[in-house]
Amino acid sequence: MKIVINSIRYDNSLVDGPGIRTDLFLQGCDIHCPGCQNQSTWDIAKGIEVEIDDLVSELKSKMRSNKITITGGEPLFQKEALIELINKLDGFDIALYTGHQKEDVPNEIKTKIKYLKCGPFIERLKTTIKPFVGSSNQEFMEVK
Ligand code: SF4
């Protein structure tokens with residue numbers, strides 16, 4: 001199966017979950033939060049289509065740790081591909097960043113990830129104090 005990505009930032013983030021993490025930005029978002037800083041990820045047609053197996057091989061060969069944050073865009077916009085990707089990232093410490101609520105995340109994903117950030121970005125609640133979130137309404141939690 002293929003998945004549409006925006007970009008990958010290797011071993012470079014301290015703000016998207018515990019530790020030094022690789023950020024995988026998936027393409028496509030239909031939530032469109034006002035003030036979103038990743039608007040270039042909204043249009044699925046503007047992403048890069050890759051085979052999930054090739055993506056997993058590249059991540060395994062280039063990441064210096066097993067800590068990965070899957071963000072976007074809205075990862076659940078490509079739900080089927082996301083499930084396959086997460087299943088193939090066995091042994092990884094996965095954080096999933098979604099603008100949806102916890103109950104909207106399928107159990108087959110929740111049982112495989114370590115951390116979940118949920119809730120839309122709300123500009124008037126923007127925070128630089130609450131760890132690992134962009135606005136104070138959002139929740140970052142350990143799920144596994
Ligand atoms: S869900 Fe994320 S990518 Fe989508 S609009 Fe909101 S902040 Fe931006």
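Counting convention: from 1, in listed order, for ligands and their atoms alike. Just so it is clear, the values below take in all heavy atoms, side chains as well, and ignore hydrogens, waters and symmetry mates.
- Looking only at protein heavy atoms, the nearest one to atom 4 (Fe) of ligand 1 is Cys29 SG, 2.3 Å.
- Within a 6.0 Å sphere centred on CD of Gln39, other residues, nucleotides and ligands contribute more than 12 heavy atoms.
- Using a 4.0 Å cut-off between heavy atoms, Tyr97 makes no contact with ligand 1 at all.
- Glu74 has no carboxylate O lying under 4.0 Å from a charged side-chain N of Lys79, or vice versa, which leaves the two without a salt bridge.
- By the neighbour-count criterion of 12 heavy atoms within 6.0 Å, atom CD1 of Ile20 is sparsely surrounded, having that number or fewer from other residues, nucleotides or ligands.
- When heavy-atom distances to ligand 1 are checked against a 4.0 Å cut-off, Gln39 has no atom that comes that close, whether in backbone or side chain.
- Scanning all heavy atoms of the two residues, the minimum distance from Gln37 to Lys126 falls at NE2-NZ, 3.4 Å.
- The residues Arg21 and Asp93 are annotated as salt-bridged, a charged nitrogen and a carboxylate oxygen being separated by less than 4.0 angstrom.
- Numbered from 1 in the order shown, with element, the atoms of ligand 1 that lie under 4.0 Å from a heavy atom of His32 read 5 (S).
- Looking only at protein heavy atoms, the nearest one to atom 6 (Fe) of ligand 1 is Cys33 SG, 2.3 Å.
- Near Phe121, the atoms of ligand 1 lying under 4.0 angstrom from a non-hydrogen atom of the residue are 7 (S).
- Ligand 1 lies within reach of Gly73, whose nearest heavy atom is under 4.0 Å from it.
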Is there a side chain to side chain contact (heavy atoms under 4.5 Å, CB included) between Val105 and Val143? Walk through the geometry before answering. CA-CA 12 Å; Val105 181; Val143 291; over 6 Å; no
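- Ligand-side atoms of ligand 1 in range of Cys36: 3 (S), 5 (S), 7 (S), 8 (Fe), range being under 4.0 angstrom from any heavy atom.
- Close approach of ligand 1 to Trp42 (heavy-atom distance below 4.0 Å) involves ligand atoms 5 (S), 8 (Fe).
- Under the 3.5 Å distance criterion, with hydrogens and angles disregarded, a donor-acceptor pair is assigned to the side chains of Tyr10 and Glu58.
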